[in-house]
Number of protein chains: 2
Amino acid sequence: MTEIEKTLEAHQVRPTAMRILIYKYMAEKEVAVALTDIESAFSKSDRSTLYRTLKTFEENGIAHQIDDGTGISKYALCESGCNCELDQDLHLHFHCSNCDETVCLTAHKIPHINLPYGYLAENANLVVKGICEKCSSE
Amino acid sequence: MTEIEKTLEAHQVRPTAMRILIYKYMAEKEVAVALTDIESAFSKSDRSTLYRTLKTFEENGIAHQIDDGTGISKYALCESGCNCELDQDLHLHFHCSNCDETVCLTAHKIPHINLPYGYLAENANLVVKGICEKCSSE
DNA sequence: AGAATAAATGCACTTCTGTTGCATTAAAAA
DNA sequence: TTTTTAATGCAACAGAAGTGCATTTATTCT
């Protein structure tokens, strides 16, 4: 049994061939992936299967959905210690306006925000936009 | 000439009847509005007109678009001193998971974030989700 | 004022993303 | 092996965003 299969089973997700492939794809890409990215990479499979795979990953804490402000949902694998299941993983995301790629900056947590009286914070999403390391060095 | 007309003209936007109405509508609502909200409020007008009005407001620094993570674009009027035209107005937004309303917390600016080497920040978007003042007091 | 010009509006339609119902296939349990 | 459950593929729908074009309204110029 491979590492990936173990990871999936540890999250109560049955390691089907498709799921293993998608997991591998996401692990190799170092940026967040959109459904359409996976679609073009796995043209033999159906969009709904890929969609449901992402949802399954999300529900089981294998990946988290990222809203980077482009209007397109992207997904990235959770790293160990990611608390996104509890809606409490407050790392920030960086979206490059040049290459349109989005990365997790897991080391950078969202700072605590003092809200006005009466407001209760449950979760937060911080997306910094600009030029990523790859694009700025060209 | 009314205040609203003056405001529109100050931003190089011709104060048509429709635009004045939409501006008034947004000013009265204290929360960010979606295109569909305006649609139901002005059923006599066409969606594309309303859509283009919002875009015009946005392009001319009268309103700014808000991505609150619901997947639906919302808009709010800029306050005086809003720098959203320069993509540099870093106030945060609060989205209530109970009433689904989104408000600008203009007094709360996004704290400065130290990015890894090579990353250049141009803009940032911070949305805090939770329970708003109105809903928490019920 | 009237003609010419430019902008705003309304209509119809398209595209894209996300989403779901249902039949079929594959896998796990009994 | 049979029964049961889960995953997949197909087809379709929903909602938001966006666009081309004709028409109307407003502005400018003579």
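Keep in mind that the numbers below use all heavy atoms, side chains included, and drop hydrogens, waters and symmetry copies. Throughout, protein chains are lettered first and strands after them, A, B, ... in sequence-line order, and every chain is numbered starting at 1.
With rounding to whole Å, B/Lys44 atom NZ is found 12 Å from C/dG10 atom P. Between B/Leu8 atom CG and D/dA26 atom P the separation is 15 Å, expressed in whole Å. Rounded to whole angstrom, the span from the NZ atom of A/Lys55 across to the P atom of C/dT17 amounts to 15 Å. With rounding to whole Å, B/Asp37 atom CG is found 11 Å from D/dA17 atom P. In this structure, A/Gln12 places its CD atom 14 Å from P of D/dA6, rounding to the nearest Å. Separating the CG atom of A/Leu21 from the C1' atom of D/dA7 is a distance of 14 Å, rounded to the nearest angstrom. Taking atom CG of residue A/Asp67 and atom P of nucleotide D/dA16, one finds them 16 Å apart after rounding to whole Å. Regarding B/Ile72, its CD1 atom lies at a distance of 12 Å from the C1' atom of C/dG18, rounded to whole Å.
The closest donor-acceptor contact from the side chain of B/Thr49 to the backbone of B/Ser45 lies at 3.5 Å or more, if one exists at all.
Comparing B/Arg14 and B/Asp46, the nucleotide of DNA chain C nearest to each residue sits closer to the 5' end for B/Arg14.
The side chain of A/Tyr51 contributes an N or O atom lying less than 4.0 Å from OP1 or OP2 of C/dT19.
Contact annotation for B/Ser73: backbone-only contact, meaning every heavy-atom pair under 4.0 Å involves sugar-phosphate atoms and none involves a base. Counting any heavy atom pair closer than 4.0 Å across all strands shown, B/Thr16 reaches sugar-phosphate atoms only and no base atom.
Few gaps surround NZ on A/Lys109; more than 12 heavy atoms of other groups in view lie less than 6.0 Å from it.
In the interface, the side chain of A/Ser48 is paired with the base of D/dC10 through a donor and an acceptor atom under 3.5 Å apart. Judged by atom type and distance alone, A/Arg47 does not reach the base of D/dG9 through any side-chain donor-acceptor pair under 3.5 Å. For a distance-only test at 3.5 Å, the side chain of B/Arg52 qualifies as a donor-acceptor partner of the base of C/dG10.
Taking the six-membered ring for Trp, A/His95 and A/His93 have ring centres at least 6.0 Å apart.
Counting only heavy atoms from C-beta outward, the side chains of B/Tyr75 and B/Met26 approach each other to under 4.5 Å.
The hydrophobic cluster containing A/Leu90 also contains A/Val128, counting ILVMFWY residues as joined when their side-chain heavy atoms lie under 4.5 angstrom apart, directly or transitively.
In this structure, the nucleotide among D/dA16, C/dG18, C/dT9 sitting nearest to the side chain of B/Thr36 is D/dA16.
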